[in-house]
Colleague: 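Just passing along the structure, written as structure tokens.
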Amino acid sequence: MEHESSERRNRARLAIMELANMISVPMSLNAAVKLGVADAIWCGGANSPISAAEILSRCCGGAGGPENLQRILRMLTSYGVFSEHFSGDSERKYSLTDVGKTLVTDSDGLSYGSYVLQHHQEALMRAWPLVHTAVEDPTREPYVKANGEPAYAQYGKSEEMNGLMLRAMSGVSVPFMRAILDGYDGFKSVEHLVDVGGSAGDCLRMILRKFPNVRQGINFDLPEVVSKAPPIPGVTHVGGDMFKSIPSGDAIFMKWVLTTWTDEECKQIMRNCYNALPPGGKLIACEPVLPKETDDSHRTRALLEGDIFVMTIYRSKGKHRTEEEFKQLGLASGFSLFRPFYIDYFYTVLEFQK
């Protein structure tokens, strides 16, 4: 074996230490969101560098330990969430980077903060020490082994968990939809649009606002979900089961639906979409798409990390897929044409035409 004092061995030991302690990153991020650090620094758009003590005065009334907060801020600075500044007296101060700004609450009360909190709830955290069991026994998700029932079943029973899930999905969906609506024109010829798994109808609302040619939107989700959806002009909320049938439309839209199901389940969903479409109609699916080859880019890491999240929390055989895997699912479901649109760094627009 190579000498322990060599450059390569030193770097290897350092890398494994970083990986072993990596839990400090999401847990510190979770703490920063719970404390409201981003909003305290942002302060209506000022984003002026302030100290840990000043941050606490804005979000906790001055109570708490500024030294411990500074330790969290320094660590997250190393991951690009905050920028560090030194004043004349060498006091550390912090402002938000572009990454940190995603945690700022916008005028609609949304941010990526809810996404962070949703991922780190106690029930979800109980599943992570059991990731290895997804390999040993892929018939049951680590989440089920840890909590006794599937995640979505618990969401349905817990108003708090379901509410956080909805806020998390809205916080992620709205900026993503803005990017899609700016870069994808596939809704231009659509008059009747069905959103499968549309939750509260946020995506449909944005699509109808951007494309007035869409005269009718159908927000299709589980009955217990759409029963809580707010009224939206031009949108009809319909409850049902996508494995049984899907309402008819010129086009069907879905976002982050196929990822959480097995290949056979995806085919069933897509066949139901095919049957609900007229000749020439299309399924517009927005899903994470894995690169063919693995690299160490932020995009690839985010996609692969999301894949392990799906395996651990939702379905051990649900997964993120490559472009070719999605294409084959479409062909097996009856669709004759397939086109991917790489607009967003995380989600890809996948167009399947009948």
Side-chain angles (χ1 to χ4, degrees), residues 10-11 13-122 124-125 128-129 164 167-168 170-172 174-176 296-306 308-309 345-346:
N10 270 310
R11 288 184 179 277
R13 289 201 307 274
L14 190 62
I16 201 65
M17 289 291 287
E18 180 185 1
L19 287 170
N21 287 307
M22 192 71 78
I23 193 171
S24 301
V25 182
M27 293 300 96
S28 294
L29 188 63
N30 193 64
V33 173
K34 285 186 173 179
L35 292 167
V37 170
D39 285 339
I41 296 175
W42 185 245
C43 196
N47 197 28
S48 301
I50 58 175
S51 67
E54 290 173 300
I55 292 171
L56 282 178
S57 71
R58 293 180 181 179
C59 62
C60 300
E67 182 180 354
N68 283 348
L69 176 58
Q70 181 168 279
R71 293 161 74 179
I72 290 172
L73 293 169
R74 287 197 69 183
M75 200 279 296
L76 292 175
T77 294
S78 75
Y79 281 88
V81 180
F82 304 105
S83 291
E84 191 175 64
H85 312 262
F86 287 94
S87 58
D89 56 2
S90 297
E91 182 181 37
R92 296 178 193 272
K93 295 187 176 183
Y94 299 88
S95 62
L96 299 175
T97 63
D98 286 342
V99 176
K101 290 173 187 176
T102 66
L103 302 175
V104 174
T105 307
D106 67 15
S107 58
D108 295 318
L110 301 175
S111 79
Y112 271 73
S114 293
Y115 184 80
V116 172
L117 297 179
Q118 193 274 330
H119 274 50
H120 302 145
Q121 296 173 87
E122 184 178 349
L124 276 67
M125 294 302 297
W128 283 107
L164 183 55
R167 291 195 301 276
S170 293
V172 171
V174 170
F176 163 72
D296 62 357
S297 68
H298 284 304
R299 181 178 185 274
T300 296
R301 285 178 173 175
L303 289 165
L304 291 173
E305 288 161 5
I308 301 302
F309 180 85
Y345 279 7
F346 190 79

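What's counted below: heavy atoms across the whole structure, side chains too, no hydrogens, waters or symmetry copies.
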Colleague: Grab the two heavy atoms, one from Cys59 and one from Ala40, that are nearest each other, plus how far apart they are.
Modeller: CB-CB, 4.2 Å
Colleague: Run the side chain to side chain donor-acceptor pair (under 3.5 Å) test against Gln118 and tell me which residues pass, sequence neighbours left out.
Modeller: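 Once residues adjacent in sequence are excluded, the partners of Gln118 under the side chain to side chain donor-acceptor pair (under 3.5 Å) criterion are Tyr155.
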Colleague: Roughly how far apart are Glu67 CD and Ile72 CD1, rounded to 0.5 Å?
Modeller: 11.5 Å
Colleague: Which atom names give the shortest non-hydrogen contact between Ser170 and Pro175, and what distance separates them?
Modeller: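 Taking every non-hydrogen atom into account, O-CD, 4.4 Å.
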Colleague: Any salt bridge (Lys or Arg N to Asp or Glu O under 4.0 Å) involving residues 93-119? Give me the pairs, sequence neighbours left out, ordered by first then second residue.
Modeller: Asp98-Lys101
Colleague: Could you check if a side-chain atom of Asn47 sits within less than 4.5 angstrom of a side-chain atom of Val104, using non-hydrogen atoms only?
Modeller: no
Colleague: Output yes when a side-chain donor or acceptor of Thr300 lies under 3.5 Å from a complementary backbone atom of Asp296, and no otherwise.
Modeller: no
Colleague: If the condition is salt bridge (Lys or Arg N to Asp or Glu O under 4.0 Å), which residues does Arg58 pass it with, not counting sequence neighbours?
Modeller: none
Colleague: Could you tabulate the donor-acceptor pairs under 3.5 Å formed by side-chain atoms of residues 21-33, not counting sequence neighbours?
Modeller:
residue: Asn21; atom: ND2; partner: Met17; partner atom: O; Å: 3.1
residue: Ser24; atom: OG; partner: Asn21; partner atom: O; Å: 3.1
residue: Ser28; atom: OG; partner: Ser24; partner atom: O; Å: 2.7
residue: Asn30; atom: OD1; partner: His120; partner atom: ND1; Å: 3.4

Colleague: Once side-chain contact (heavy atoms from CB on, under 4.5 Å) is applied, do any residues pair with Ser114, and if so which ones, sequence neighbours excluded?
Modeller: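 Testing Ser114 for side-chain contact (heavy atoms from CB on, under 4.5 Å), a comparison that skips the adjacent residues, returns Leu164, Arg167, Ala168.
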Colleague: Considering residues at least two apart in sequence or located in another chain, which fulfil the side chain to side chain donor-acceptor pair (under 3.5 Å) criterion with Ser83?
Modeller: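 Listed in chain order: nothing, the list is empty.
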Colleague: Could you give the distance from OG1 (Thr102) to CG (Leu96), rounded to the nearest 0.5 Å?
Modeller: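 Rounded to the nearest 0.5 Å, the OG1-CG separation comes out at 9.0 Å.
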Colleague: When rounded to the nearest 0.5 angstrom, what distance separates CG in Leu103 from CG in Leu76?
Modeller: 9.0 Å
Colleague: Looking at residues at least two apart in the chain, or sitting in another chain, which of them share a side chain to side chain donor-acceptor pair (under 3.5 Å) with Asp39?
Modeller: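 Here the qualifying residues are Thr105.
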Colleague: If I take atom CG from residue Leu35 and atom CD1 from residue Ile55, how far apart are they, to the nearest 0.5 angstrom?
Modeller: 9.5 Å
Colleague: Considering only residues two or more places apart or on different chains, which pairs with a residue in residues 70-86 satisfy salt bridge (Lys or Arg N to Asp or Glu O under 4.0 Å)?
Modeller: Arg74-Glu84, Glu84-Arg92
Colleague: For Tyr115, enumerate each residue passing the side chain to side chain donor-acceptor pair (under 3.5 Å) test, keeping only those at least two apart in sequence or located in another chain.
Modeller: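 Here the qualifying residues are His119.
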Colleague: How would you list, by chain and number, every residue that makes a side-chain contact (heavy atoms from CB on, under 4.5 Å) with Ala53, sequence neighbours excluded?
Modeller: Ser51, Pro66
Colleague: With a 4.5 Å cut-off on side-chain heavy atoms, are Leu69 and Val37 touching?
Modeller: yes
Colleague: May I have all residue pairs that pass ring pair (Phe, Tyr, Trp, His ring centres under 6.0 Å) and include part of residues 65-102, sequence neighbours excluded?
Modeller: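 For residues 65-102, and leaving out neighbouring residues, there are no ring pair (Phe, Tyr, Trp, His ring centres under 6.0 Å) pairs at all.
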Colleague: Hey, does Phe176 have a side-chain heavy atom less than 4.5 Å from the side chain of Tyr345?
Modeller: no
Colleague: For Phe346, what residues pass the side-chain contact (heavy atoms from CB on, under 4.5 Å) criterion, not counting sequence neighbours?
Modeller: Pro288, Ala302, Leu303, His320, Asp344
